[in-house]
Amino acid sequence: MSVFADSSALVKRYAKEEGQNLVRQIPVLVISHLARVEVPSAFWRKQRMGQLSNRQAAVLVSLFENDYYDTEDKAPFVVLGVTPVVLEAAARLTRRHELRAFDAIQLASAKLAAEGDPEITEFAVWDKRLREAAAAEGFTLIPA
């Protein structure tokens, strides 16, 4: 079974947050290319809010980037591109769900990945709106 993870879940893989143990025990996550921007953005936002030092944020970004660009057999991510097909699907999802643009792209990525690989049945997400939309689209949610 494979798990799609949005950026709210990926941040927990690196930062000390509630739910981190759930995400850290999943060996391989399917993710969107959007994570390349969203995850470092979340770490730097934590730094600006005083939750992380500059050094801590830089270390977390570096750890994420090392995993993101890992090309070994045991890489922790399968990264999905943001293609015109994904964008079209995301645009359609905005009609059905009250989602921000990037959240719609995350959900579209998950749906298309699941169509290509029926073992992708779970969606790791902490964002309330995206959780509701993912559940409505048939995903099993992490956390339950």
task = List in chain and number order the residues that pass salt bridge (Lys or Arg N to Asp or Glu O under 4.0 Å) with Asp103, two or more places apart in sequence or in another chain; answer none if no residue qualifies.
result = Arg100
query = With no hydrogens and no angle check, is any side-chain donor or acceptor of Asn21 less than 3.5 Å from a backbone partner on Arg24?
reply = no
ask   = If you link I, L, V, M, F, W and Y whenever their side-chain heavy atoms are under 4.5 Å apart, who else ends up in the same group as Ile105?
value = Leu34, Val82, Val85, Val86, Leu87, Phe102, Leu112
task = With sequence neighbours excluded, give me every ring-ring contact (aromatic ring centres under 6.0 Å, His included) pair touching residues 19-58.
result = none
task = For residues Ala114 and Ile120, report the shortest heavy-atom separation together with the two atoms involved.
result = CB-O, 3.3 Å
ask   = Sequence neighbours excluded, which residues qualify as side-chain hydrogen bond (donor to acceptor under 3.5 Å, both in side chains) partners of Glu38?
value = Ser7, Gln106
key: Minimum heavy-atom distance between Ala35 and Leu10, given as atom pair plus value   = CB-CD1, 3.5 Å
inquiry  = Let me confirm one number: the CD-CG distance from Glu132 to Asp127, rounded to the nearest 0.5 Å.
reply    = 9.0 Å
key: Any pair counted as ring-ring contact (aromatic ring centres under 6.0 Å, His included), so long as it reaches residues 113-137, sequence neighbours left out   = Phe4-Phe123, Phe123-Phe139
query = Between Ser8 and Lys128, is any pair of side-chain heavy atoms under 4.5 Å apart?
reply = no
remark   = With sequence neighbours left out, the residues meeting side-chain hydrogen bond (donor to acceptor under 3.5 Å, both in side chains) with Thr94 are none
task = For residues Ile26 and Ile142, determine if any side-chain heavy atom of one lies less than 4.5 Å from a side-chain heavy atom of the other.
result = yes
ask   = Shortest non-hydrogen contact from Val125 to Pro143?
value = O-CD, 3.8 Å
inquiry  = Tell me every residue that passes salt bridge (Lys or Arg N to Asp or Glu O under 4.0 Å) with Arg92, counting only those two or more places apart in sequence or in another chain.
reply    = none
message = For Lys16, give me all partners under side-chain hydrogen bond (donor to acceptor under 3.5 Å, both in side chains), at least two apart in sequence or on another chain.
response = none
Pairs involving residues 133-144, ordered by first then second residue, that meet side chain to side chain donor-acceptor pair (under 3.5 Å) (sequence neighbours left out) = Arg96-Glu137, His97-Glu137, Lys111-Glu137
request  = Please step through side chain to side chain contact (heavy atoms under 4.5 Å, CB included) for the pair Arg13 and Leu29, ending with a clear verdict.
outcome  = CA-CA 10 Å; Arg13 191 173 182 105; Leu29 296 168; 3.4 Å; yes
ask   = Between Val30 and Ala113, which heavy-atom pair has the shortest distance, and what is it?
value = CG1-CB, 4.4 Å
ask   = What residues, two or more places apart in sequence or in another chain, satisfy salt bridge (Lys or Arg N to Asp or Glu O under 4.0 Å) together with Glu18?
value = none
task = Over all heavy atoms of both residues, which pair between Leu107 and Ala134 is shortest? Give the atoms and the distance, please.
result = CD1-CA, 3.8 Å
remark   = residues 46-55 vs salt bridge (charged side-chain N to carboxylate O under 4.0 Å, His left out), sequence neighbours excluded, gives Glu17-Lys46
message = Could you work out, with side-chain hydrogen bond (donor to acceptor under 3.5 Å, both in side chains) as the rule, every residue matching Arg36, not counting sequence neighbours?
response = Glu65, Tyr69
query = Is it true that Val59 and Val39 fall in one hydrophobic cluster, defined by side-chain heavy atoms closer than 4.5 Å?
reply = yes
remark   = When every non-hydrogen atom of Gln47 is compared with those of Ala57, the smallest separation belongs to CB-CB, 3.8 Å
key: Close side-chain approach of Glu88 and Pro84, heavy atoms under 4.5 Å   = no
